There are 2 protein chains.
Amino acid sequence: SMQTSGSKPCPCPSFKLREVVSMYFTMIAVFLVILVVALQGSAPRGSDFPYKVPLDPKGLLELSWNVSYPEQAVHFQLLIRNLKFGVLFGMSDRGEFENADLAVLWSDGHSSYFGDAWSDAKGQLHMDSQQDYQLLGARKAPEGLYLLFRRAFSTCDPKDYLIEDGTVHLIYGILEKPVHSLQAINISAIHRGLQRVQLLKPNITIPKLPSDLNTMEITAPHVVIPSQETTYWCYMAELPDRFRKHHIIMYEPVITAGNEALVHHMEVFQCAAEFDTFPHYNGPCDSKMKPDRLNYCRHVLAAWAMGAQAFYYPEEAGLAFGGPGSSKYLRLEIHYHNPLVIKGRRDSSGIRLYYTATLRRYDAGIMELGLVYTPVMAIPPGEDAFILTGYCTDKCTQLALPAAGIHIFASQLHTHLAGRKVVTVLSRDGREQQVVNADGHYSPHFQEIRMLKEVVAVFPGDELITTCTYNTEDRSQATVGGFGIMEEMCVNYVHYYPQTQLELCKSAVDPGYLHRYFNLVNRFNDEEVCMCPQVSVPQQFYSIPWNTFNRDVLKSLYGFAPISMHCNKSSAVRFPGEWEKQLLPTITERLREPVPHCPPTPGPWPAAPVPLNLGDLRR
Amino acid sequence: SMQTSGSKPCPCPSFKLREVVSMYFTMIAVFLVILVVALQGSAPRGSDFPYKVPLDPKGLLELSWNVSYPEQAVHFQLLIRNLKFGVLFGMSDRGEFENADLAVLWSDGHSSYFGDAWSDAKGQLHMDSQQDYQLLGARKAPEGLYLLFRRAFSTCDPKDYLIEDGTVHLIYGILEKPVHSLQAINISAIHRGLQRVQLLKPNITIPKLPSDLNTMEITAPHVVIPSQETTYWCYMAELPDRFRKHHIIMYEPVITAGNEALVHHMEVFQCAAEFDTFPHYNGPCDSKMKPDRLNYCRHVLAAWAMGAQAFYYPEEAGLAFGGPGSSKYLRLEIHYHNPLVIKGRRDSSGIRLYYTATLRRYDAGIMELGLVYTPVMAIPPGEDAFILTGYCTDKCTQLALPAAGIHIFASQLHTHLAGRKVVTVLSRDGREQQVVNADGHYSPHFQEIRMLKEVVAVFPGDELITTCTYNTEDRSQATVGGFGIMEEMCVNYVHYYPQTQLELCKSAVDPGYLHRYFNLVNRFNDEEVCMCPQVSVPQQFYSIPWNTFNRDVLKSLYGFAPISMHCNKSSAVRFPGEWEKQLLPTITERLREPVPHCPPTPGPWPAAPVPLNLGDLRR
């Protein structure tokens, strides 16, 4: 069945790899020439880039982009007003300039170049061996230079940033002097900064809007933006008298022209119905003049952050407001970010609500997942990535959710200052099904309500597991759970429909097991720390000597000890049932880490800067 | 200083990416045609491939290879005797056919193809999106078909195997029927197997050999290889009378022609000097007829395993044998691997020692690093990757090593059946300096003495940290440390010069802290396990209920508790000093994981099989 034996060795000439490689390079050179020629003629259309954000506080750099999920790539349009000798644009884990992934346009005055670069742990720039920021075009216009480039979500180049869902820390730098090479750029000496955005916006079909759509603008009138870096501004608004129940079905930002780089984020809260009146107010939220009663306006109606577009409710649902049992008072909160300390700038920004009297089929609801606000959940000091997990158990969803399930369509992640990552996973019968919302570069300074890429259906018996990762490297004592800014939270506010009675599905470790831990730590370490019952849990945590054993065993405790469940109708009213000393949900099957798919990039190889004909930039 | 404003939008036509891409593909097609033509003429030279190993027990597939460190690539020459309808060759973590990385030659009878493929978790084959096994040539010869191909160590393709130092599990399969596509191959239905080799042989310069070089063959005469899968054969040899001290400076295998696929590994041991005589023996090591005294022949003089070449001592050193205070008795141990149960095969294989009377400057020595053989170091059952660490502390090296340091040039890693990885790292002042030897795919069935890529200098005050990873998924009770085959070891025998008195530098957890652990487990879990002092440590381990908390805390204990050091001149004699309750060495700086450098492969893209002109294979 074979014919190998007896055949003669082949007489053909030997394989000349060198020739083939040489030909290959010739072809690449041809390709490069074509690319350079083609660059001159690109004419981007603004409508191609639905998302836009200023990068710097002056708005000299303005980034527009679109996301192609079929191509798994982002197309960027960077407008450079007032171009001097180049710009850096890129991404890094948390906005640092070390270990960053950068697209660089630089000029020595005569010639200009574009290249994909990376910075090492010391901030030194290097040309990337794989050119994954692909220049698609450059165009001069009266307002400035437009650079068009493309970047695949993942490139498989270990020097490159992996673009994922959630927050992306964009970084920028402005070159004000000519540079003779990429390596000559001193990254610490240039004008630079960071901007957080959700780069991978979900690809949502805009729901049909009703004909009786009304709008209501909640804007703070005639604010003079304080000349300080950070201001939280509070303004009280009122619904009309006898305003009946409506559905908010969409909202969008209203930003005073020229203030796009100053208005960082805005939220509209509805006040508590138990108070008949709330005082008027229009001033900084931290002012001593601010009436205390404004603290009772915490029910989120709308939230917007820089880079976000309009928020649409799904076609079947709307957020109820107005009508009996609902306060007519609203609080608008605006975060002004004014790092250049600009003085006297006037602003009347806010949020425009779109609502209808023709109620949709379902009221939308908001549910809190994660950890109960209690000191029993604590993070040792000096940890770079300590993980705490909050559970919404099968027992609670079994009791509280309708048989047809609920549909989560949006989510807002929340921690205090030590939070670095947040993720909620849906699990069914011990098997992880899907990620509800994840942010691997979460920042407590950028808390948006995010529409989900796909609506997540949750049924009775499902589990929702929320995991938060904290960094306490700069702290010298334990960080306990709680409301204070130096205490921590781990929360995912999920927006869903149809609304149910379940407002809160959260957990904390059983306090009895925590007591055993304090005991064990004492005995094992021969410590004489007082574990007397009159000492508070935070005090007990503060007195622990944080050696590796005590840290590790706390992790083991949280991964093993039974939990106390809060399966609540409102923050104080539990569903009937036994909720203490519940077993931790077990996971028998984890979600697979997505394997990045990396199409080869047609960039020049070996890596070389792409020359750009921008003319002489001196003058 | 700029000239952007006022310039008109460029009037050139817009950038036609599609045309460029189309041209790019045309160029790739041209390249492919050239490749196919060139393939016919390759003429490999045998001398280009210094390493050789049969893959299957019959020797139908014979792999030769070389390693190019400058290119970071391996060149393979696969000889296929008796080609039928193709072969599979590849690599996987531990020799399994699922999640494997494969080069496949297949034929439907008329046409033959070569391609880079991968198998999924179910063993189904898929064409790889990136073709990283690059075919360089194919040549028919009287003895069979030679396939030449190249593979970079790392490809950055997540479907590909990363070729690292240490053991590589090669897998092969033989296609005995025509197949119409890669996907049609049913991997579980073909003739297949695995072969372990050290693929990345170190690039050693052969030291100058002296003129008075003598050889001595330690071979077992006229063995009839038993017709069973596994045989350990023992043969006693003797040095000549009054044989004075010599230096072994090199050794190599002597394999009886035709038995290359049967002789799996061989070792020569010197017997203990305290016995005047040892009985003759030539038979299976596990025979009841074997005299017990042979168990005292354990000092390794030479070791060889399949795929290894000659072993050279560094120019400055040799291994002393002969002379007063050294036994004249040697034991040769041969592992015959005979899975086809071939009967009556005769063998006289062994090891040829090259020695000289002109003693080199230094005697070489062997030192044991890792864990003491004691049950206090245990692995819970059902673990997929449990880690135990043994320390050679700064205090011991300070006392026992000469100021000029020692030079480690070779290493033999050792565990029992649960061992999966072994690594020794050198640390200085708390900072990891370099890997002494690492095997991430370690197999207890493939224990070679390996020459190191570079000699490692160890100075007084340095630390040598040996870490073993175990898999106990198939066990239902704890595995404790000890000599038994179902107990575990974690040892690195390092070969070094100049010889010192330090024979053993190993550690184990302090027994007092282990007792605290047993106590803690009892209290925390409300268990009534007897922790009475009369119960042995193994019995205490066997009675632990292995929940996640008890597992995790055992890990924490081993990572925290003080150790008992064995800093010994011989296995029973310690250096003077306090060696109990020593603090664990602290590591403040870890070695960086090497970032794989992945040059783009010139393979066809999109991935496509390369047609080979092998003619009609039916007949």
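Labels below follow one simple rule: chain letters A, B, ... track the order of the sequence lines, proteins then strands, and each chain is numbered from 1. Keep in mind that this is a model prediction, so the values were computed, not measured.
- Here the closest heavy-atom approach between residue A:Arg516 and residue B:Arg523 is recorded as NH1-O, 4.3 Å.
- Taking all atoms of both residues into account, the shortest heavy-atom contact from B:Phe560 to A:Thr548 is CD1-OG1, 3.4 Å.
- The aromatic rings of B:Tyr513 and A:Phe524 stand perpendicular to each other, their planes meeting at an angle above 60°, with 30° marking the opposite boundary.
- If you take CG on A:Leu554 and CG on B:Asp552, they are separated by 12.0 Å, rounding to the nearest 0.5 Å.
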